[in-house]
Amino acid sequence: IKGTIYSYIGTVIGFITAGLLFPRFLTTERIGLLSLLASYATLFAVFGNLGFNSVVIRLFPYFRDENRQHHGFFFLIAAVSAVGYLLSILVFLLLKPVIIKDSIEQSPLFVEYLWLVPILTLFLLFYTIYDSYNRALFNATYGTFLTEVFQRSAILVIIILFIAGITSFHWFTLLYVAVLCLPGLLIFYPLIVKK
């Protein structure tokens, strides 16, 4: 029920932001930049998690033991994530010339901010893997709250700052990427609290 409520709240906030404010106050090129950054980072993060989301859900019951800290499953996930991230960055570096060549004419703005993709990929990868771990620990709604309510609310705030002229588009873009990265950091909060 909580997850459904978070999803509906996120839908309303997302509609206000992406449906009303973005088209009115951002050019098509700028909206395209934000979409491309998120899309490429998501693509590399999905590749980098090496399918381990399913492994977490399926195999965690065999490791579950609070007294023994789940037999180091947290660190196993961290090791797999690190290897997956390195592989995804290697693929990114190999494909970077192709991405630049394909984008340089149609979206030079994207090429300018392409360096943000590996950073965003790292945090999206952490979020997807550790959200699965949280779900395996019976905390199914925290990740939904982070992406549906917290993240979308923060994006609404930064677009309002941009509209008000408080931030330039450059800072808006950096803040936008930072907001997309935050769930990757905040996903650890319940895990730290529960040790």
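Since this is a predicted model, take the numbers as computed values, not measurements.
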**Request:** Provide the closest heavy-atom pair for L146 versus P183 in the form atom of the first, atom of the second, distance.
**Result:** CD1-O, 3.9 Å
**Prompt:** Counting N and O atoms only, with roles assigned by atom type, does the side chain of N134 sit under 3.5 Å from a partner on the main chain of A140, one being a donor and the other an acceptor?
**Reply:** no
**Request:** Could you tell me which residues satisfy ring pair (Phe, Tyr, Trp, His ring centres under 6.0 Å) with F44, sequence neighbours excluded, listed by chain and number?
**Result:** F92
**Residues forming a side-chain contact (heavy atoms from CB on, under 4.5 Å) with T27, sequence neighbours excluded** = E29, R30
**Asked** Does the side chain of S81 reach to within under 4.5 Å of the side chain of F126, using non-hydrogen atoms?
**Response** yes
**Message:** Can you list everything that forms a ring pair (Phe, Tyr, Trp, His ring centres under 6.0 Å) with Y40? Sequence neighbours excluded, please.
**Reply:** F110
**Message:** Nearest 0.5 angstrom please: S132 OG to N49 CG, how far?
**Reply:** 8.0 Å
**Message:** Do L36 and S107 have side chains that approach each other closer than 4.5 Å (heavy atoms only, starting at C-beta)?
**Reply:** yes
Show me the side-chain donor-acceptor pairs of residues 159-181 shorter than 3.5 Å, one per line, residues at least two apart or across chains.
| unit_1 | atom_1 | unit_2 | atom_2 | d |
| --- | --- | --- | --- | --- |
| S168 | OG | W171 | N | 3.3 |
| H170 | ND1 | Y113 | OH | 2.9 |
| T173 | OG1 | F169 | O | 2.9 |

**Request:** Using the salt bridge (Lys or Arg N to Asp or Glu O under 4.0 Å) rule, collect all pairs that involve residues 147-157, keeping only residues at least two apart or in two chains.
**Result:** E148-R152
Which donor-acceptor pairs under 3.5 Å do the side chains of residues 4-19 make with protein atoms, sequence neighbours left out?
| unit_1 | atom_1 | unit_2 | atom_2 | d |
| --- | --- | --- | --- | --- |
| S7 | OG | G3 | O | 3.0 |
| T11 | OG1 | S7 | O | 2.8 |
| T17 | OG1 | I13 | O | 3.0 |

**Asked** Roughly how far, to the nearest 0.5 Å, is CG of L116 from CG of L33?
**Response** 8.5 Å
**Message:** Give me the atom names and distance for the closest heavy-atom approach of G184 to I187.
**Reply:** O-CG2, 3.5 Å
**Request:** Using the salt bridge (Lys or Arg N to Asp or Glu O under 4.0 Å) rule, collect all pairs that involve residues 115-132, keeping only residues at least two apart or in two chains.
**Result:** D131-R135
**Asked** Is there side-chain contact between Q151 and I155, with heavy atoms separated by less than 4.5 Å?
**Response** yes
**Message:** Is there a path of hydrophobic side-chain contacts, each under 4.5 Å between heavy atoms of I/L/V/M/F/W/Y residues, joining V46 to L37?
**Reply:** no
**Prompt:** Taking the side chain as C-beta and beyond, is there a heavy-atom pair between L120 and T42 under 4.5 Å?
**Reply:** no
**Request:** Looking only at non-hydrogen atoms, find the nearest pair between I119 and W115 and report the distance.
**Result:** CD1-CZ3, 3.9 Å
**Complete:** Contacts of E112 meeting side-chain contact (heavy atoms from CB on, under 4.5 Å) (sequence neighbours excluded), chain-then-number -> L109
**Asked** Taking a hydrophobic cluster as the set of Ile, Leu, Val, Met, Phe, Trp and Tyr residues connected by side-chain heavy atoms closer than 4.5 Å, whether directly or through intermediates, do V117 and V98 fall within one such cluster?
**Response** no
**Message:** Please tell me whether I129 and L87 are part of a single hydrophobic cluster in this structure, the criterion being side-chain heavy atoms less than 4.5 Å apart.
**Reply:** yes
**Message:** For residues 164-185, which residue pairs pass the salt bridge (Lys or Arg N to Asp or Glu O under 4.0 Å) check, not counting sequence neighbours?
**Reply:** none
**Message:** Please give the remaining members of the hydrophobic cluster of L86, linking ILVMFWY side chains under 4.5 Å, ordered by chain and number.
**Reply:** none
**Prompt:** Got a donor-acceptor contact below 3.5 angstrom from the Y127 side chain to the G143 backbone?
**Reply:** yes
**Request:** Please tell me if the side chains of K96 and L114 come closer than 4.5 Å, counting only heavy atoms from C-beta onward.
**Result:** yes
**Complete:** Using a 4.5 Å side-chain heavy-atom cut-off and chaining through intermediate ILVMFWY residues, the residues clustered with L94 come out as L90
**ILVMFWY cluster, L43 and I89 together (side-chain gap under 4.5 Å)** = no
**Prompt:** Taking all atoms of both residues into account, what is the closest heavy-atom pair of G84 and L125, and its distance?
**Reply:** C-CD2, 4.5 Å
**Request:** Hey, could you give me the CD1/OG1 distance between I1 and T141, rounded to the nearest 0.5 Å?
**Result:** 11.5 Å
**Prompt:** Rounded to the nearest 0.5 Å, how far apart are OG of S153 and CD1 of I158?
**Reply:** 11.5 Å
**Request:** Determine whether L26 and L34 make a side-chain contact, defined as any pair of heavy atoms from C-beta on separated by less than 4.5 Å.
**Result:** yes
**Prompt:** Roughly how far, to the nearest 0.5 Å, is the CG atom of L186 from the CZ atom of F150?
**Reply:** 5.0 Å
**Message:** Taking ring pair (Phe, Tyr, Trp, His ring centres under 6.0 Å) as the definition, give me every residue that meets it alongside F22, ordered by chain and number, with sequence neighbours left out.
**Reply:** none
